[in-house]
Structures are given as C-alpha cells and as structure tokens.
Amino acid sequence: MVRHRAKLTASVMVTTSALVLAACGGGDDGGGGSDEGEGVDLEGKDVGAMDDYDIGVQFTATEPLNFSTLYNEHPNYPLKDDWLFFEELEERTNVTLDLTVVPLSDYDDKRSLLIGSGDAPTIMPKTYPGSEEPFVSSRAILPISDYVDLMPNFQAKVEQWGLEDNLDTLRQQDGKFYVLPGLHEAPWQDYTIAMRLDVLDDLGLEAPTTWDEFRDVLEAIKEEYPDDYPFSGRWNVPTPGGSMLNILGMTFGTSAGWGFNHEQWDEEAGEFVYTGATDEYRAMVEYLRGLVDDGLMDPESFTQDDDPAIQKFANGRSFAIGTNAQTLVNDYRPAFEDKNPDAEIGKIPLPAGPAGNVINAASQLENGIMFSADAAESENFVAMMQFIDWLWYSDEGQEFAKWGVEDVTYTTGGEGDYQLADDVDFVSLNPDADKHLQEDFGFSNGMFAYGGSTELLHSTFSEEEQEFQETMAEKDLLPLPPPHPFTEEEREQVTLWETPLRDHTDQATLQFILGQRDLSEWDAYVAELEAKGMSQYIDVVNEAYERFESEHG
Amino acid sequence: MVTVDPTKVADRIARPTTSGIQDSRGYRVFQVFNTVALLGVVVVTLYPFVNIIAQSLSGESHIRAGDVNLIPRGFNVTTYELVMSDSMFWINYRNTVVYTVVATLIAMVLTTCYAYVLSKRNLRGRTFLIGVAVFTMFFNGGLIPNYVLVTSLGLKNTLWAIVLPNAISVFNLLVMKSFFENLPTELEEAAKIDGLNTYKTLWYVVLPLSKAVVATMILFYSVAYWNSWFQAFLYMDRAELFPITIYLRNLIAGANSAGAGLESSDLAQVASNIQAVTMVLTVLPILCVYPFIQRYFVSGVMLGSVKQ
C-alpha cells in the first residue's frame, strides 16, 4: 500500500502535466491580443465593477459577487468560516469567496489536477513564479499581463518600486506573463549564518563581514577547539548544501544550491554561459574546499539532516550554522535554554564575496496569483480584477490582510507604528493573549498577506531582525538576467538535458568540495558537462534570448 | 488410568538419552540463531515506535538537543492537550473511522461475492470475469479521467467518492478466490441436498468456514483505508471532510515548510513533537484491532469434515 501511494503521488505531476496539454489543447486563446491591453474586449464584462475605481479608492462591488478560489490550508491556522477576515471582506468589498480547500502538503498537485480536468477555480493564489509554465501552452490559464491596466494599484507599485525588469523575468515566449506576482518594495534576504556570539566575544573576535573574515573567525575558533568542526551546515534538501551554496553562490556572482540556474548571464560577452562551468562557480567551490580541507567545516554539512546539525550546534560541538529569522528563534535558542542559558546566538550579516557586497534582486517578486482562462469570459471579470487589485496590491488592502481591523485586532500610533490589540497574539509579540491573529481572525494569512512595502513587512519583525534587515538594505543589488523564455518544443528539449546536467554538476560540486576529486580535474569536469549537452543547452538559451530580444525587446 | 511418576519424568528431562526423539544439535543451533535474529527484528521494528512515543512525551528542548531515545525526557503532555483540543483533529478522526468502516464493509461484501462466483470452476464466462478483474490491475483510466468521472457522477465531496472507486482490490479478490477454491465441494453439495440455495450456502456454510480469510481481508482493507489519503485528497474540497491522514500529512508538511521560511512573517509554532503525538494518536486504534482479529487466524478448521 505504501509503495502504491508513493507511486501515485509521483505520477500525479507527470500525468497531470501531460494531460493538461491533452485536455485543454483545444481551448480558445483566452481573449488575449498580441500586445498588452490591445484587442481585449471587455464589453459586458463589467457587471458589479466600479466606474471610478482608482488608487486610494475602496473597492466595493456594486452588487454581491462570489469568486471561486483555491485555498491553501496551513496547519498552523486551519480555515474557519467565521473568521473576521471573511466577514469584514464582505462588508468592505461586497465579495464572498467560494473556497476549494487544499492541504498545503499537496497544493501544487491538486492545482495541476484541477486545471487538467477543467475544474479549476477562477483565482489560484500561492502560485510561485515558474510553476505556471507547464500550463501556459495549454491555454488553460489567463495571460494576466493583458489585463493589468485594470489594476491601478498594481501598476503604480511596479512603477514606484522599479519592478519592470523583475516582471520581464516572468514573461513567456509570447511576451506575456501568466502569474500575477506578489511585490516587495525592497529585496528581502532572510538566510544567512548564525553564530555563537558569546564564543566570538570570549575569543575577542568580531562578527565577520566577508567570506574571508568568516574563514579567519573559523580558524580562530578551531585553534581554541581543535577537536570540533567550527561550522556545521544544514538544509540539504532537496539539494545537498542547498542553502549554504545558495547564499555563497549569490555573493560569488554565480548561482548554486537552492538558487541554481543552469544559465548565467555574462554581462561582458552579452550572452548566457553555463553556470557550473564558470570561473565564479569554481572560485566558490575552491573556497568551500579550503574550509573542509582545513577542518573548519564539517564534511557532513552537505549531507546531514537538519536535526543532527542543530544538535551539534546545541551541544557546543559546532559554532556556526545556517539560519533564517524563524529557525533562530524557534530551533536554536530553545535548544540552548536548559543546557547553556548563557549562550548568545545571533545572525551575522550575510558576508560579502568577490561579487561585492550584494544580494539578489529576484526576491522582490513573491508567489502570486494565477487565473483560470474562463475568468475573462465572466461578466464580472472587471470587478474581479478590481477586487484583486484592492485586496492584494492597495496599501489599504495589504494593511487589512496583514493586520486586520483597526481597534479590533490592532491599533496604530501613527505612520507604520502597528500594535497588536491587547488580547491578540502573533509571532509571540503578545504571548499572554488568548486569541491569535491568524488562528482566530484569519489575518496575516499566507494566502492573502505577503509582500508590500518594507514598512509593512518589517512591522511584524523583532527589533533584532529589523537591525539585520537594515544592514541588508545597504547592500547592492545583483543585476537580473535578461528574459529568455522558451517555446514549447525548446522547453521539452532542455528538460531532457537539465536533469543529467544538474545531477552531474551537483555531484562534481560535492566531490570537489569534499576532496574526493582534485580541483586539478576541473577541466575534465567541464568536458564531462560538455558531453552531457552543456553547449547545446546554452545555445538554445541564447537563441531564446535573441528571439525575445528582437520580438519584444 | 495411567499413572506417571513425576520423578521419572524429571529424570528423563534432565538426562536426555540418545534414544527417543530429541532436537539435533543443528536444530538447537538454528533455534538460538533464529531467536537472536528475530529478537533483532523486534528491536528494529519496535525501536522507532518506542522512540516516537518517547518523543511525544518529551520536552521540546530535549528533543531539539537530541537527548530522547527510549525514555521520555522532560516529561510533558501539553502537546497532547493541544492537539486534542483542536476540534478539526476530532472531526477528521471521526471521518477516518466512518470512511474505514463503510469502505471496509462495502469492499468485503463486493469482494466476497465476486470471489465466491469466480471460485466455481464450472461457471460459464468465468475466464472473462477473471480477465475483467485482472485487466484493471494493469490498466486504468488515469488520474484526470478518473477525476472527471467521479466529479460528473456527483460523488465529489461525499463519502462515496472514497468508498466506491476502489471497492474491490484485485489482489484481495484473487486471494479470496483461491481460498474458496480449496474448500471441499462435498460440503456445498451436502448443503444443497439439505435444501440450501446458493446465497444460504455462502452465508451458512462457506463463510463460517472462511473466518481466517475473511479476517485477513478485513484487516487488509481496513488498514489500507485507515492509512489512505490520496482519494480524499483528490475528491474532498473542504477541511471538515478530510480524513486524519491528510490532517497529519499537512501538519508535518507545515512544520517542514516553516523551516524553509518562504512565507513572510509566518513563524512556525508547530513543535516537532506534535508530529510524534499525532502519529501515536493515529496509530493506536488500528493497532488495537490486531489482537481481536488475530484469533481468527486459525488453521485446520475443516479437519475431518469430509471422509474420503
């Protein structure tokens, strides 16, 4: 039975993506024209819409409306029908939502199934950019970029926050994008390294600001504790060393681990090159090889589960570990409470690398909303777009979704100074309160509240985290690669190359780092990539880039 | 009356002679190894379970520090209280019980009838009927067509979407068929002479003699339905219709995804021992079913029923 189930799950993705094409191939083209906003016929589709809807205007449908919506059920705050969120939403906007509840554990599978069977709800939030791609050619989802002129708040934020280039990364080969992303005013870098600040103090060390300093600090700790590895990393699923390689790769001017992209934009040459074969990638691998070779980094950092990594850190056998804001508070500090209450643990600012003191700008786009193609046929289409614009993109809507109703769930003491009501708790800001902002009211729900202005984002951060984010805000942004969307045939072709290329890159990366393969064999490794279709892959990418450039650039 | 002198018996046990039946040296060595090996299997099987129980009763800091093995450290039951106070947990629990009972009942009726029919060697069209069943073992309509079928039959969001589509497991059907085939036909002939029709023969003669296979099938089906989540995941759109397996699966996924930290300001409040607690609560009832069913696993019930 267990095997049976595992097989079924695995086959969901394969079967659905294949069948989506078969099931929906015959649909019409969703009413889209060749260019944004052109040729879109909205006549008779404005039932319930406001004539004077604009920035700063509260959206209220002129008649009661109901939209079917996919809902991602989060176990921390199970859906309740009587949430104040829904009640207040109806009061303000005259809109009710007909929810299809899907457990978070298998949200993507169910979404594929619903789209494939033609049973998809109109609004499908919590869609991460990239996951809309399998559905694009089936025409089952709406090219939403055709309709953004119905969304004044969305457009204003894209312009104000300079997100045009970010949006371009979402475009498919027809020049349109199919997912309406969540927008952040500024990039948000959460992941970095946590260190035992008390140990640094004892040894008279400063928190490192570059990867070279990080190495020096580890060396100093190693001298004091020669039997232990000062640094033991975590987050090795689904990619070994996923998080560490991600943040390291970023600052070395390449991409690796969780953030690995096959193609890397070479600004000077004006073309894409294969990431795993670049000098930047090699420099990153050499850096890690050095750490492991000198006993500064636990070789298990790339393979162990999170729990042993945390245990080593908590038992004082390692002094640095990967972290984000949540794990710092939820995993590390509680583990020290009994054993070593004097231990002081904190995030260090993401160290700078050869690429400069930089972070990735891609984090300005969040997961967003995908729409069923039928949506544009509805007589309420314009009203729906106004509703989406208000709830997800207006300042008022974002504040409402995150903080709730003023004087009920929160109070403000002026601009950006949000305080939870006395009887409401959220992220342990009010630990003694008997109600919870998410569980009992339905606000700060990951479905409806994300992104937004830095001020709003930081309003729920601890002081410590706000300080960290301030140092992050001083960093430069890495340039975004130009868009290079594939045609359907190209995507099929590159998918065949991607798996062996990725596997080989991952495998060789680990072998080099752990010393199972000498770095002098780097050229041989590049030749192996070549044999697996690296150049052909990059040719397709560059072709796609040039085509997009000439057609839409 | 044969009298036994206890001292003589004791004597013989204490000093085995070379005459008479006794365990060979090889057999005794085998027994020692067998015992050791099986004890090893017991340890390997029980350890994770005991560990989960220990974790479910331990304090959070001890779990994070990796101190918990077989004995709970920093004893606490707050998580039990927390999970049990979630009304959705009990709603989903009740769903699982209802789905399991109804589905097992339907599956047993259908499988028994089908298997009994197939066990009749002289039945015309028997090969075709077996073929139909076996065909579904290797081929099916695929996920989306199935979904469209169930949806258009109006079964979505009802109990029937879970209990009907997979009511007959072909594997179980074939096991039952071969069991029925091995029943002596003379018994059924005798029943027929005594005036029982086909259904009464099945009910009064065949089934009472098939308690072993019926108990096995009930166990197979109920455990499968108890553990299943996929059907419910496909066809249920509301949380109050989910079985406990989806609740548990989602709880674990929630705890893990919070670690990946992709969701803004969405701090993980799920302690890792919530998983252990929920597992214990979910496993216990089905575990309790085993001892009650086990007594039907008897062999030799038909010993001496037919004289040949």
Side-chain angles (χ1 to χ4, degrees), chain A residues 1-2 5 8-9 11-12 15-16 19 23 73-76 78-79 99-106 109-110 113 116-119 188 190-191 235 306-308 310-311 314-315 324-327 329-331 334-339 366-367 402 427-428 438 444 446 449-451 457 460-461, chain B residues 59-67 74 86-89 142-148 151 156 169 220 223-225 227-231 233-234 236-242 246-272 274:
Chain A
M1 198 55 207
V2 173
R5 269 190 285 139
L8 268 175
T9 334
S11 67
V12 177
T15 330
T16 44
L19 277 164
E73 168 92 336
H74 198 292
N76 289 10
L79 176 71
L99 300 178
T100 298
V101 181
V102 181
L104 157 154
S105 53
D106 302 273
D109 287 349
K110 179 90 176 220
L113 173 74
S117 63
D119 208 15
W188 180 30
D190 190 5
Y191 284 81
W235 281 312
D306 288 354
D307 282 342
I310 299 170
Q311 285 160 18
N315 293 331
N324 62 32
Q326 301 176 6
T327 52
V329 181
N330 291 338
D331 289 354
F336 279 96
E337 252 165 36
D338 291 346
K339 310 194 137 178
E366 261 270 17
N367 67 83
K402 190 176 179 91
V427 292
S428 303
Q438 291 173 311
S444 283
Y450 46 78
L457 180 69
T460 49
F461 285 1
Chain B
E60 207 172 317
S61 60
H62 291 277
I63 299 177
R64 296 259 189 242
D67 294 343
D86 182 2
S87 59
M88 197 49 84
F89 175 81
L143 192 66
I144 292 181
N146 265 335
Y147 179 85
V148 173
T151 308
K156 215 171 90 174
S169 144
F220 279 6
V223 171
Y225 282 116
N227 288 337
S228 84
W229 62 277
F230 195 67
Q231 297 287 322
F233 158 71
L234 290 182
M236 298 301 178
D237 287 345
R238 295 201 299 273
E240 65 267 24
L241 296 171
F242 292 156
I246 291 188
Y247 180 94
L248 176 66
R249 190 179 160 79
N250 205 26
L251 201 64
I252 292 170
N256 291 339
S257 80
L262 294 165
E263 202 156 284
S264 66
S265 68
D266 194 18
L267 282 179
Q269 273 123 6
V270 181
S272 63
I274 288 194

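Atom set for the values below is all heavy atoms of this structure, side chains included, hydrogens, waters and symmetry mates excluded. Proteins come first, then strands; the chains are lettered A, B, ... in the order of their sequence lines, and each starts at number 1.
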message: Looking at A:Asp106 and B:Phe233, would you say the former's side chain and the latter's main chain have a donor-acceptor pair under 3.5 Å?
response: no
With sequence neighbours excluded, residues passing salt bridge (Lys or Arg N to Asp or Glu O under 4.0 Å) with B:Asp237: A:Lys110, B:Lys156
message: Heavy-atom pairs under 4.5 Å with chain B: which of A:Pro103, A:Pro308, A:Pro334 has the most?
response: A:Pro103
query: In terms of heavy-atom proximity below 4.5 Å to chain A, should B:Thr151 be classed as side chain, backbone, both, or neither?
result: side chain
- prompt: Got a second to check how far B:Glu240's CD is from A:Leu79's CG, nearest 0.5 Å?
  reply: 8.5 Å
- line: Taken in chain and number order and not counting sequence neighbours, the residues that satisfy ring pair (Phe, Tyr, Trp, His ring centres under 6.0 Å) with B:Phe89 are B:Tyr93, B:Tyr247
message: Restricting to non-hydrogen atoms, name the atom on A:Pro78 and the atom on B:Asp86 that form the minimum distance, rounded to 0.1 Å.
response: CG-OD2, 4.4 Å
task: Output the distance between atom CD1 (B:Ile246) and atom OG (A:Ser105), rounded to the nearest 0.5 Å.
output: 7.0 Å
- request: Name the region of A:Asp119, side chain, backbone, both or neither, that has any atom closer than 4.5 Å to a heavy atom of chain B.
  value: side chain
- prompt: Quick one: what part of B:Phe220 sits under 4.5 Å from any heavy atom of chain A, side chain, backbone, both or neither?
  reply: neither
